[in-house]
Amino acid sequence: MKKTFRALTSLRFFAAIAVVFFHYAGEVRGFGRIPFPLKNLVHRGPLALCFFFVLSGFVLSISYQDKAIKTAEARRRFWFARFARLYPAYLLAFVLFLPMALQKYLLHPAPELGASGPRTFAAGAILSPLLLQSWTTFSQAWNGPGWSLSVEAFFYFLFPYVAFRLMRQQTSVALTIPIALWVASLCVVLAHLQGHLSNPIYHDRIQYNPLFWTPCFVAGIVTAGFAPRWQKVSAKMAGVLTISSVAALVLICLFVSPRYEDVIVTTGLLPLLALVILCCSHESARVVALLGSSPLYELGEVSYITYILQSPLWHAFSA
């Protein structure tokens with residue numbers, strides 16, 4: 001089965017740009033005057049993280065479906081390959097953020113930090129290079145977008161142990177597991193919205209924690225199991241379903257009330273994101289082929305560096 005999906009690579013660019021717009025569009029003069037639906041769309045930028053995690057599980061499962069990772073040596077090779085692909089740019093972003101971290105926590109700490117500035121600086125400086133920050137309350141202390149790489153690191157550790165077991169399960173069992181995990185994550189979000197989880201607990205200890213996002217990665221693994229059957233669907237049907245799923249996603253982001261924002265930008269649209277990814281893996285469809293065209297594909301190739309460097313580059317530009 002084909003293991004390079006150009007359309008999915010292109011979608012990475014749109015997801016990365018959605019996060020960049022979410023973080024910095026509000027800083028641009030005149031943002032308050034744009035139409036409400038567009039403002040809604042910008043505020044739904046964090047939804048891209050759920051997309052990234054589902055896509056990660058999907059692509060890894062397709063890539064390694066014929067490669068057993070059963071031995072300790074095979075696992076080490078897998079982990080090194082992932083580390084070599086992502087860590088250099090992550091480390092560059094960490095280093096580039098150093099002047100901002102010095103300013104923010106040591107030289108001119110914000111009043112709300114009080115005496116905790118040096119402690120936050122030290123914690124971020126230790127945890128971030130080790131990709132452990134998302135397990136703590138310091139997930140945003142140093143190059144905020146880097147928390148998602150901390151989550152990915154956990155998923156990469158998990159992959160050799162769970163992916164192949166999931167892919168060997170019967171369809172009913174394989175579907176039950178991500179659905180159960182998804183419902184559990186929704187219950188956490190709804191508990192927060194209903195006031196049963198305080199903001200400090202939810203935002204500092206849950207929202208960025210790898211366990212909270214695990215349903216997305218597992219859903220990506222299970223979705224990959226449907227890819228061979230999906231390739232047998234006619235190009236016309238695949239095109240219709242792709243347009244429909246993408247349109248539904250965009251319309252929800254444009255027009256659904258902000259009161260549901262916490263649900264939307266976390267795991268609320270997980271099944272729809274999995275469907276979009278599955279649909280865009282059928283590159284015989286004309287719309288999918290268009291999405292995977294060379295200009296968009298090349299933009300998708302630089303999406304990771306765009307995402308991970310956004311914070312230090314924006315701060316440097318602002319200064």
Side-chain angles (χ1 to χ4, degrees), residues 1-19 41 44-45 47-67 69 78 81-82 85-86 148 152 155-156 159 163-164 166-168 171 174-175 178 216-253 269-307:
M1 180 181 168
K2 188 174 181 179
K3 297 180 180 181
T4 301
F5 301 107
R6 294 176 62 89
L8 293 178
T9 300
S10 300
L11 286 180
R12 290 180 188 271
F13 169 73
F14 292 104
I17 287 299
V19 177
L41 186 63
R44 304 291 156 77
L47 175 62
L49 277 304
C50 185
F51 170 81
F52 282 137
F53 298 146
V54 180
L55 184 60
S56 179
F58 181 88
V59 171
L60 282 178
S61 299
I62 296 292
S63 300
Y64 285 89
Q65 61 184 346
D66 301 323
K67 304 174 187 177
I69 309 180
F78 169 77
R82 305 316 302 165
R85 181 179 175 84
L86 297 179
S148 64
E152 284 282 3
F155 293 160
Y156 295 155
F159 182 80
F164 302 98
L166 273 174
M167 287 188 280
R168 287 196 298 265
T171 302
L175 281 173
C216 303
F217 187 67
V218 173
I221 294 172
V222 173
T223 301
F226 292 93
R229 281 173 277 183
W230 175 245
Q231 305 309 312
K232 298 176 183 178
V233 173
S234 69
K236 183 176 181 180
M237 177 62 72
V240 170
L241 288 175
T242 300
I243 292 172
S244 300
S245 60
V246 172
L249 182 63
V250 172
L251 289 173
I252 289 171
C253 290
L269 299 185
L270 173 54
L272 181 56
L273 292 174
L275 178 60
V276 168
I277 288 170
L278 180 63
C279 286
C280 289
S281 69
H282 193 303
E283 296 191 333
S284 297
R286 187 174 300 177
V287 64
V288 179
L290 180 62
L291 189 57
S293 60
S294 291
L296 292 177
Y297 178 79
E298 294 302 326
L299 288 173
E301 286 285 276
V302 299
S303 59
Y304 169 60
I305 198 76
T306 302
Y307 172 83

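What you are looking at is a predicted structure, and each value in this text was computed from that prediction instead of being measured. For reference, positions follow the sequence shown, starting with 1.
- You'll find the side chain of L270 reaches within 4.5 Å of the side chain of C50, heavy atoms only.
- In summary, the aromatic rings of Y64 and F164 are positioned with their centroids too far apart to meet the 6.0 Å limit.
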Determine, stepwise, if the pair S56 / F159 fulfils side chain to side chain contact (heavy atoms under 4.5 Å, CB included).
CA-CA 10 Å; S56 179; F159 182 80; over 6 Å; no
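- Residues A285 and A235 come closest through the heavy atom pair CB-O, 3.6 Å.
- Pairing each heavy atom of V222 with each of P178, the nearest pair is CG2-CG, 3.8 Å.
- Using a 4.5 Å heavy-atom threshold, the side chains of Y307 and V19 count as touching.
- Closest approach of L86 to Y304, counting heavy atoms only: O-OH, 2.6 Å.
- Of the possible donor and acceptor atoms, none in the side chain of Y297 sits under 3.5 Å from a partner among the backbone N and O of A7.
- The two residues S61 and M167 make their nearest non-hydrogen contact at CB-SD, 3.9 Å.
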I'd like to know whether R229 forms a side chain to side chain contact (heavy atoms under 4.5 Å, CB included) with T171, so could you lay out the CA-CA distance, the side-chain angles of the two residues, the decisive distance to 0.1 Å, and finally the verdict.
CA-CA 12 Å; R229 281 173 277 183; T171 302; 3.8 Å; yes
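- In this structure, the separation between CD1 on I277 and CG on L272 is 10.0 Å, given to the nearest 0.5 Å.
- A donor-acceptor pair under 3.5 Å is formed between the side chain of S303 and the backbone N or O of G300.
- With a 4.5 Å cut-off on side-chain heavy atoms, T242 and H282 do not count as touching.
- At a threshold of 4.5 Å between non-hydrogen side-chain atoms, the residues L8 and F58 count as touching.
- Here the CG atom belonging to L55 is positioned 8.0 Å from the OG1 atom belonging to T9, to the nearest 0.5 angstrom.
- Nearest approach of A238 to V233, heavy atoms of both residues: N-CG1, 4.0 Å.
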Decide side chain to side chain contact (heavy atoms under 4.5 Å, CB included) for L273 and F52; before the verdict, give the C-alpha distance in whole Å, the side-chain angles of both, and the deciding distance to 0.1 Å.
CA-CA 10 Å; L273 292 174; F52 282 137; over 6 Å; no
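- For S10 (side chain) and R6 (main-chain N/O), a donor-acceptor pair under 3.5 Å exists by modelled atom type.
- L291 is listed as a side-chain neighbour of F14, based on a closest heavy-atom distance under 4.5 Å.
- Although no hydrogens or angles enter the test, the distance criterion places no donor-acceptor pair under 3.5 Å between the side chain of W230 and the main chain of S281.
- Side-chain atoms of S245 do not come within 3.5 Å of backbone N or O of L275 as any donor-acceptor pair.
- The minimum heavy-atom distance linking C279 with V288 is given by the pair O-CG2, 3.9 Å.
- Atom CG of L278 is separated from atom OG1 of T223 by 6.5 Å, given to the nearest 0.5 angstrom.
- Between V276 and L11, some side-chain heavy-atom pair lies under the 4.5 Å cut-off.
- The backbone N or O of A227 sits less than 3.5 Å from a side-chain atom of Q231, completing a donor-acceptor pair.
- Taking 4.5 Å as the limit, some side-chain heavy atom of Y156 sits within range of a side-chain heavy atom of L60.
- Side-chain atoms of L47 and L249, non-hydrogen and from C-beta on, do get closer than 4.5 Å to each other.
- Between the side chain of E283 and the backbone N or O of G292 there is no donor-acceptor pair closer than 3.5 Å.
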Show your reasoning for whether side chain to side chain contact (heavy atoms under 4.5 Å, CB included) applies to E152 and F53.
CA-CA 7 Å; E152 284 282 3; F53 298 146; 3.6 Å; yes
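- Open room surrounds CZ on R85; 12 or fewer heavy atoms of other groups in view lie less than 6.0 Å from it.
- Remark: aromatic rings of F155 and F217 are close, center separation under 6.0 Å.
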